[in-house]
Amino acid sequence: MHYAPGQEDCPLPFSPFKSCTVPRPIGWLSTVSVDGVHNLAPYSQWQNLTFDPPMVMFAANQYPDGRRKDTVINAEQTGWFVWNMATYALREAVNISAMAVPPEDDEFDAAGVTRAACIDAPGIRVAESPAHFECRYLSTHRLRGDSNAGWVDVVFGQVARIHVDDAVLTPEGKLDIPKIQPIARMGYYDYTCIKDVFEMRIPNATGAAEDGLEGKA
């Protein structure tokens, strides 16, 4: 089976595209508008870009009517956005915050999560989340779509501050991922939860990878 997206109809009842790039980390992002309204929304096109300095990106498609997402507008206007780690325990709150609501509505209230103050960013964090990045906005790259909803804003940011709950650290000082149980997006309406972790070390590699440096591959 094969087909050319945009030129040929998909021969399957559901598009396989999003279900091939899996699992996708969730960018559960909190921002605040210039009017002081707090926003919280999940984005499954989220990733770290580099480590020195640490930089991240997320991609946000427009609404079908052509409106841009509040998260993008808030980040551009205030210069900040905050990443909150999405976990299995917080899955229902993450899902509720995905609802499309008017810009004046506060998703923190709708999702039933607790507000925690940031140190550098003007917005707030999800207190129940075990890890957060306060991200300084860098730039937006807009990519043309074949429809209004296809247009996408790719937003880049630099991590200015990292928060980690001490309760989710191992005695060695690493994040206890099986304890945290982060969730990630699959295709369709499917998600996955990280419970199993295994280690593979690059042959003849030094400890650089463990220190956050990339291998030679």
- prompt: Run the side-chain contact (heavy atoms from CB on, under 4.5 Å) check on Ile119 and His163 step by step: do they pass?
  reply: CA-CA 10 Å; Ile119 295 177; His163 301 256; 4.0 Å; yes

So, does [X] use its side chain to make a donor-acceptor pair with the main chain of [Y] at under 3.5 Å?
X: Glu104; Y: Val37; result: no
X: Arg115; Y: Arg125; result: no
X: Trp83; Y: Ile26; result: yes
X: Glu134; Y: Asp120; result: yes
X: Arg201; Y: Asn204; result: no
X: Ser97; Y: Val94; result: yes
X: Ser139; Y: Phe156; result: no
X: Lys179; Y: Thr170; result: no

field: Stepwise side-chain contact (heavy atoms from CB on, under 4.5 Å) test for Gln181 and Lys195
entry: CA-CA 6 Å; Gln181 295 190 4; Lys195 298 180 180 179; 4.0 Å; yes

Membership question, hydrophobic clusters at under 4.5 Å side-chain separation (ILVMFWY): are [Y] and [X] in the same one?
X: Met55; Y: Val154; value: yes
X: Val164; Y: Val113; value: no
X: Leu169; Y: Ile180; value: yes
X: Ile162; Y: Val56; value: yes
X: Leu40; Y: Val101; value: no

Working to the nearest 0.5 angstrom, can you tell me the gap between [X] [atom1] and [Y] [atom2]?
X: Ser30; Y: Asn39; atom1: OG; atom2: CG; value: 8.5 Å
X: Ile124; Y: Thr31; atom1: CD1; atom2: OG1; value: 9.5 Å
X: Asp165; Y: Glu128; atom1: CG; atom2: CD; value: 11.0 Å
X: Glu76; Y: Thr78; atom1: CD; atom2: OG1; value: 10.0 Å
X: Arg161; Y: Arg136; atom1: CZ; atom2: CZ; value: 10.0 Å
X: Met57; Y: Thr50; atom1: CE; atom2: OG1; value: 14.0 Å

Ser129 versus Asn84, side-chain donor and acceptor atoms under 3.5 Å: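 No, no side-chain donor-acceptor contact under 3.5 Å.
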
Nearest atoms (heavy-atom pairs only) where [X] meets [Y]:
X: Asp70; Y: Pro103; value: OD2-CA, 3.5 Å
X: Trp28; Y: Met85; value: CE3-O, 4.0 Å
X: Thr192; Y: Pro23; value: CG2-CB, 3.8 Å
X: Pro130; Y: Thr87; value: CD-CG2, 3.7 Å
X: Cys10; Y: Ser15; value: SG-CA, 4.1 Å

- prompt: Using the ring of each side chain (for Trp, its six-membered ring), is Trp46 parallel, tilted or perpendicular to Phe133, with breaks at 30° and 60°?
  reply: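 Geometry flag for Phe133 against Trp46: tilted rings.
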
field: Met1, CE: over 12 other non-hydrogen atoms inside 6.0 angstrom
entry: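 Buried by this count: over 12 neighbours within 6.0 Å.
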
message: Taking atom CG as the centre, does Asp65 end up with more than 12 heavy-atom neighbours from other residues, nucleotides or ligands that are less than 6.0 angstrom away?
response: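 Atom CG in Asp65 is packed in, count exceeds 12.
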
field: Minimum side-chain heavy-atom gap Tyr3-Asp9 below 4.5 Å
entry: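 They are not in contact (no side-chain heavy atoms under 4.5 Å apart), so the answer is no.
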
field: Hydrophobic cluster of Tyr189, others only, ordered by chain and residue number, side-chain cut-off 4.5 Å
entry: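 Answer for Tyr189: none, a lone residue.
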
query: So which residues get pulled into Val82's cluster when ILVMFWY side chains under 4.5 Å apart are joined, directly or through others?
result: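 Once heavy-atom contacts under 4.5 Å are chained together, Val82 still belongs with nothing else.
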
field: Listed partners of Phe58 passing ring pair (Phe, Tyr, Trp, His ring centres under 6.0 Å), at least two apart
entry: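 With sequence neighbours excluded, Phe58 shows a ring pair (Phe, Tyr, Trp, His ring centres under 6.0 Å) to Tyr43, Phe81, given in chain and number order.
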
field: With sequence neighbours excluded, residues passing salt bridge (charged side-chain N to carboxylate O under 4.0 Å, His left out) with Arg91
entry: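 None.
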
field: For Asp176, salt bridge (charged side-chain N to carboxylate O under 4.0 Å, His left out) partners two or more places apart
entry: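 For Asp176 there are no salt bridge (charged side-chain N to carboxylate O under 4.0 Å, His left out) partners, ignoring immediate neighbours.
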
field: Those residues that, when tested against Ile73, pass side chain to side chain contact (heavy atoms under 4.5 Å, CB included) (two or more places apart)
entry: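 Residues passing side chain to side chain contact (heavy atoms under 4.5 Å, CB included) with Ile73: Arg68, Gln77.
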
field: Worked verdict on Lys18 versus Arg24 for side-chain contact (heavy atoms from CB on, under 4.5 Å)
entry: CA-CA 9 Å; Lys18 291 184 179 180; Arg24 300 197 305 278; 3.7 Å; yes

